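Below is one structure, written out as structure tokens; comments come after it.
Residue numbering restarts at 1 for every chain, and letters A, B, ... go by the order of the sequence lines. The basis for the numbers below is simple: all heavy atoms, side chains too, and nothing from hydrogens, waters or symmetry mates. Everything numeric in this text was worked out from a predicted model, so none of it was measured.
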Amino acid sequence: MNKIRYLTICFFVVLLIPSVVYSYDILNTQTPSDNFVFFGWPDPPIDLILDPGTLGGSDGRATVETACNVWNSVANTQQLCGNLFAGSEDITVDNFDSAISMNDGIIDVIFDETGAIIAEFGLSPTITLGLSSTLVNALTGEIVDVLMVLNGSLLSSSGSDLQSTTVHEMGHGWGLAHTPIGGINNASTTIGLEPIDPIRIPTMFPFNIPVNDAFGITLEIDDEVGISVRYPRN
Amino acid sequence: MKQICGILINNKLYKNYELYFYNNKGGKNNKMLFSNKKIANFVANILIISLGVLFVNCSETYATRELRETTLDTAKRSENIVLARCISSESKWNDEGSLIFTYVTFQIEDTIKGEDAEDEITLRLIGGQVGDQILSAPDIPNINEDEEVILFLGPKNKAGYPTLTNMKNGVLRIYTDDVTGQGNVITPTTGIPIYKENSSKAISGTQDSKILLEDFIYSLKEATNK
Amino acid sequence: MPFNRNLFFILFFSIFLALATLIMVACGGGNDSSTRPPNPSPPPPSPTATPPPTNGVGSIQGMVISSARTPLNAVHIRAVKVDGPNIQLGAFSGIGPNLTFQDGVFRIDEVPAGNYRILIEKLDGRSPAFDDFRYSQFVVSNSPAITFPDEYFNGERESSTDDPLDFIEITVMGGETTQDIIFITND
């Protein structure tokens, strides 16, 4: 009984304690000489070209603009997001492979309204909220171009937030990988040391954030340190 | 003055505990009160109730709903589940020169769910390396040649390739035990009661664990056929 | 004396209020509370000899090695700030100072000055978020094949058979690097 009582106390105590958390990982690859190189844009800010189609039934431009502002607001970090341009044609499953360009150094943002493009990439549009694919020089880690796909067929459903997904995928676009911070959290049954509150789970956590996915719209210190280490202002 | 409060277990069997309050006034760690077992038990009871009251007040803030998919959910959404061995993997640019895809071909060794399909199956996944250029796609499993996996497959896409039902659960790797030589599956959040092969007796619940391949396949068949 | 229910509740409520007040005072009103691990049997915290520093940011540097004294890469390290607001920072072993790759070495920069507990955790598929394939290629290709439990750093008591929940607090000073955080996994 004492054990149960103690566990009960710990349970309540843990739920009542807020925590602020950070950790990060930067995308990298192994070169032929067995070294690893980190991914990164050589000369930000980077322009983006946006699918003129709809995202979750509405214009996705405002969503991307907000995500740009989030990343451009990190202290001691270079401005990463440049100009936003509108593409000339709605990108769909019928034309995506010819409509995008992966050699112009401009991030292509696709609003995949039906999820069919996600499926063309071999993935399930039922659970894939978004995807960023980064073209890099395998010898230097220098990012050449990025394709960002946002799944408009899922983003309006409960438990997932369009804006959070956009900020997350843009983080990949800069070269950030996922963070393990959040794997042990107060909303999960996974047992581990030092769980954190869902509201403090970093945006680069690989899943939609429990309790309220909109928590992912704002960056946590983890995300901010990661991006500032990769792109220090000076 | 820096102070610390905490409840301490008094021995490893948790038979007794004591409630302490510490402060380090004067640079010393001072234990303050409640080492008497009866008093400690009484105070702890009140503390539990107090925390319970606080929790009830906060419960709306902490109301949770986890949307992660279990392996069972993935299995239910899958049209086909197969045990397969990777026989080739090739990355190449598409005809338009805009994207790199990796074509991974498998030899099917066993059909766990769905109709017996072809002897071979090919997935087309975004990403891969061609020359000095890598199209990186985080989250997409990198499958090596001769690797044995369990594939959870959804409907074919417009180009005619099956999709992975889930990125993690969609490709379960088979790990060979160095000692026994037996294959194992490590899958978190299975949601599947695990049985010993050809037995109706569950050998584990639905917790994270390393599961013998034969048992996992048997249990998966049992779970998806219900 | 017959049982008086009203008296009982008054007594109970008085004790409740007194205890709540005591906790608030002892824990600094909840804003400066020391977090406790959720696991059921953590040992008592080590006494802090001096008040924690509060200014600037520093770094934590150390190494993760196996019981066979082999450096381990791709182990996730977390530093947890002891006093509020609670802050945690992380890194992977194998990535040292200035984003250089050094076997077993880890470094956590931009650490707000203060006292910390430090722990290691393996990316081993026990939770979907810990699946190593979700991380960078370095982590994927180096994720330890051996099994070990999560454990705290416990200073001189570190060994391959120590109590995973035993910990010491380390101090990070602004502009300085706290070094020699050597983890020995219980594999």
Side-chain angles (χ1 to χ4, degrees), chain A residues 2-3 5-6 8-13 15-16 27 29 39 93-94 96-103 116 118-128 131-140 144 147 149 158-160 172 177-178 186-190 197-199 206-208 210-211 213, chain B residues 7 9 13-17 41 44-45 47-48 51-52 54-55 58 61-69 74 77 94-102 123-127 129 131-140 154-159 161-167 170 188-189 208:
Chain A
N2 282 346
K3 183 180 179 182
R5 191 157 46 193
Y6 178 77
T8 309
I9 292 172
C10 287
F11 176 67
F12 287 131
V13 169
L15 286 174
L16 289 166
L27 291 168
T29 190
F39 290 5
V93 69
D94 296 318
F96 75 92
D97 40 13
S98 59
I100 61 172
S101 171
M102 289 295 280
N103 57 10
I118 298 274
E120 284 305 292
F121 292 167
L123 307 175
S124 169
T126 307
I127 63 161
T128 307
L131 169 77
S132 275
S133 205
T134 309
L135 186 65
V136 294
N137 183 315
L139 302 177
T140 63
V144 178
L147 172 68
V149 184
S158 63
S160 64
H172 285 314
H178 288 141
N186 286 326
S188 167
T189 56
T190 303
D197 285 336
I199 196 171
F207 295 96
N208 58 325
V211 180
D213 194 37
Chain B
I7 300 164
I9 296 294
L13 296 176
Y14 315 107
K15 293 273 176 70
N16 297 304
Y17 56 78
N41 282 344
N45 277 331
L47 187 61
I48 290 170
L51 291 171
L54 289 170
F55 174 65
C58 299
T61 307
Y62 292 97
T64 62
R65 189 158 68 94
E66 186 109 24
L67 294 179
R68 280 181 198 154
E69 191 173 60
T74 306
R77 287 199 304 110
N94 60 0
D95 292 342
E96 293 76 10
S98 57
L99 293 168
I100 295 174
F101 285 100
T102 296
L123 301 181
R124 187 184 74 165
L125 301 170
I126 183 81
Q129 178 168 0
D132 290 341
Q133 290 196 302
I134 295 174
L135 186 62
S136 167
D139 286 346
I140 296 180
K156 290 183 177 179
N157 59 23
K158 185 168 178 284
Y161 296 95
T163 53
L164 288 173
T165 315
N166 182 299
M167 281 175 279
T189 61
D208 305 355

Quick one: what part of L147(A) sits under 4.5 Å from any heavy atom of chain B, side chain, backbone, both or neither?
side chain
Where the side chain of S98(B) meets the backbone of D97(A), is there a donor-acceptor pair that is under 3.5 Å apart?
yes
Looking only at heavy atoms, the pair that brings G122(A) and N157(B) closest together is N-ND2, 4.3 Å
So which part of S101(A) gets closer than 4.5 Å to some heavy atom of chain B, the side chain, the backbone, both or neither?
neither
How many angstroms lie between atom CG of N94(B) and atom CE of M102(A), to the nearest 0.5 angstrom?
10.5 Å
What part of F101(B) gets within 4.5 angstrom of chain A, counting heavy atoms only: side chain, backbone, both, or neither?
side chain
Gap between atom CD1 of I127(A) and atom CG of L164(B) - 0.5 Å precision
9.5 Å
Can you see which heavy atom on L135(B) is nearest to which on L135(A), and at what distance?
CD1-N, 3.8 Å
Note: S124(A) and R77(B) closest approach over all heavy atoms is OG-NH1, 3.4 Å
Who wins among D132(B), T165(B), L123(B) for the most heavy-atom pairs under 4.5 Å with chain A?
D132(B)
Separation between CG (L125(B)) and CG (L123(A)), nearest 0.5 Å, reads 7.0 Å
Taking only residues two or more places apart in sequence, or in another chain, which ones meet K158(B) in a side chain to side chain donor-acceptor pair (under 3.5 Å)?
D94(A)
Across all chains, not counting sequence neighbours, the side chain to side chain contact (heavy atoms under 4.5 Å, CB included) partners of Q129(B) are A138(A), I134(B)
